[in-house]
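Predicted model only: the values in this text are computed from it and were never measured.
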Amino acid sequence: MAEYEFDVALSCAGEDHDQVLPVVALLKAAGVEVFHSPERETEMWGLDLVEYFSKAFSTRARYVLLFSSRHYVDKWSRLQSRTALGQALEQHTEYVLPIRLDDTPVPGLSPHVGYLDLRVHPPETIADAVVQKLAQHRAEFTPSTPITPQSVAALAREKPRGWEYLLYVTVVAQGLSALEQKYREHFLRYAPRNGTVEHGSGITLIRDRNVLLGEIIKVAVDTVFTARTQEAAFGGPGVPGDPDRIVHLGELFVRTFDEILDWARGIHGTSYADENARAAARVQAQFADQQLRAMHDVARDLREVAGTLVERLTAGEQISMTVPLVFEVDPELEREFKAALDRLSR
């Protein structure tokens, strides 16, 4: 992990200093090392300011707090914004932590970046969000961090706001990433031959598979995706989460996803002597489509939220980790399956 002289560097227009100063005072009181240019005028004296701010924002500070306003895009503040934004784009990280003072957009800064707003959030909330962000950084934990006892312990020790969510997201995202090829192959309706050969009509095999899918669903509904299971892992109101249970719950999400994939993969990998049996079975395999898509979308959405988790929670956003259970079959697919079975019975 890179070592920085400052935890945060402030980037704001001179006209906005009076609004920014309470945040600076609270950060310092919390033990945060702050780079604040008005306090470093002697250091800046006689220096090339382009080079000075480039170094301050790119190598001396872990984060840049960018206070955006109509004044910010004017005068020499443009120099600061270009330096901070250039570093953020280069690193592809949440290096810039923007805070709105008004609704003026900052050129080059995506409108999709998570913001806090000093008109809505008091200085105490802004300062606390920075402290939480730094705690997450100290834990060196992101959605790409390998899940090991050491990394989990570091995250649980620092406990940045939303750490339980971040841990769960990481387990789920990494698990589904490892299954991405199988997921794509499912929608290609491909699987390697598994050595099973069906010489008859396949009716018995089809019935067995319906029972098996029903059991996968029942176990998921009754044991994995329940409010009681989530509370045991994430903790109830005022109760801390249990990191081991959170990891286990994330692994169960991935295991359920994989089990549904394998159910359909077994169908696609079977060889059928009767073409009608083959057609009916391949329609049956599509029963998994809606649930697989829903779980895949949940994992994608969770990971997108994880990058701006502290900002979202500080802003009061409620983050849902509910897994949609889309186990009903599309009526059109049901009709197609029934027609395929009718052909087998002739």
Side-chain angles (χ1 to χ4, degrees), residues 1-109 113-119 121-138 140 158 160 310-311 314:
M1 179 170 64
E3 294 295 329
Y4 295 93
E5 181 181 352
F6 300 98
D7 295 316
V8 294
L10 270 64
S11 182
C12 65
E15 294 89 338
D16 299 323
H17 272 147
D18 287 347
Q19 296 183 70
V20 172
L21 285 175
V23 177
V24 175
L26 288 164
L27 289 174
K28 289 182 177 180
V32 176
E33 294 293 335
V34 180
F35 174 89
H36 188 209
S37 58
E39 299 173 358
R40 314 193 77 80
E41 290 181 349
T42 301
E43 184 179 277
M44 295 161 55
W45 189 14
L47 297 181
D48 182 326
L49 293 183
V50 173
E51 181 178 343
Y52 178 83
F53 281 111
S54 292
K55 184 176 181 181
F57 289 163
S58 62
T59 64
R60 296 177 70 184
R62 175 65 185 89
Y63 293 112
V64 170
L65 295 188
L66 190 158
F67 291 84
S68 67
S69 71
R70 65 184 180 85
H71 302 298
Y72 189 79
V73 297
D74 296 332
K75 304 175 185 177
W76 62 275
S77 293
R78 292 177 181 175
L79 159 67
Q80 298 186 53
S81 66
R82 286 199 304 272
T83 304
L85 292 171
Q87 176 74 1
L89 293 173
E90 180 180 337
Q91 291 190 350
H92 300 287
T93 67
E94 68 278 21
Y95 172 79
V96 174
L97 305 178
I99 301 163
R100 294 186 191 276
L101 301 180
D102 59 34
D103 294 322
T104 305
V106 177
L109 190 62
V113 170
Y115 278 81
L116 293 181
D117 193 321
L118 200 52
R119 297 167 299 178
H121 308 107
E124 292 81 3
T125 300
I126 302 290
D128 182 54
V130 173
V131 170
Q132 297 298 327
K133 203 75 169 173
L134 290 168
Q136 182 178 330
H137 169 64
R138 285 194 301 272
E140 299 185 73
E158 293 293 343
V310 169
E311 295 91 326
T314 300

- When rounded to the nearest 0.5 angstrom, what is the spacing between OG in S68 and CG in D103? 8.5 Å

- Message: I'd like to know whether L65 forms a side chain to side chain contact (heavy atoms under 4.5 Å, CB included) with L27, so could you lay out the CA-CA distance, the side-chain angles of the two residues, the decisive distance to 0.1 Å, and finally the verdict.
- Response: CA-CA 11 Å; L65 295 188; L27 289 174; 3.8 Å; yes

- Message: Tell me every residue that passes side chain to side chain donor-acceptor pair (under 3.5 Å) with D16, counting only those two or more places apart in sequence or in another chain.
- Response: S69

- Say you draw a straight line from CG of L21 to CG of L26; how long is it, rounded to the nearest 0.5 Å? 11.0 Å

- The side chain to side chain contact (heavy atoms under 4.5 Å, CB included) partners of P38 (sequence neighbours excluded) come to H17, H36

- Message: Test of understanding: with side chain to side chain donor-acceptor pair (under 3.5 Å), list the residues that count as partners of D18, not counting sequence neighbours.
- Response: none

- One should read off an interatomic distance between L118 CG and R100 CZ, to the nearest 0.5 angstrom, of 12.5 Å

- Note on the structure: Rounding to 0.5 Å, atoms OG (S11) and CD1 (I99) come to a distance of 10.5 Å

- Message: Could you work out, with side chain to side chain donor-acceptor pair (under 3.5 Å) as the rule, every residue matching R70, not counting sequence neighbours?
- Response: none

Taking only distance into account, with no hydrogens and no angle test, what donor-acceptor pairs under 3.5 Å do side-chain atoms of residues 28-35 form with protein atoms, sequence neighbours excluded?
from, atom 1, to, atom 2, distance (Å)
K28, NZ, E39, OE1, 2.9
K28, NZ, E39, OE2, 2.6

- Supply the atom-to-atom distance L10 CG to L66 CG, rounded to the nearest 0.5 angstrom. 9.5 Å

- Which residues share a side chain to side chain contact (heavy atoms under 4.5 Å, CB included) with P122, sequence neighbours left out: E124, T125

- List the steps and the verdict of side chain to side chain contact (heavy atoms under 4.5 Å, CB included) for F67 and Q19. CA-CA 10 Å; F67 291 84; Q19 296 183 70; over 6 Å; no

- Query: When rounded to the nearest 0.5 angstrom, what distance separates OG1 in T104 from NE2 in H71?
  - Reply: 8.5 Å

- Which pair of non-hydrogen atoms, one from P98 and one from Y115, has the smallest distance, and what is that distance? CB-CE2, 3.4 Å

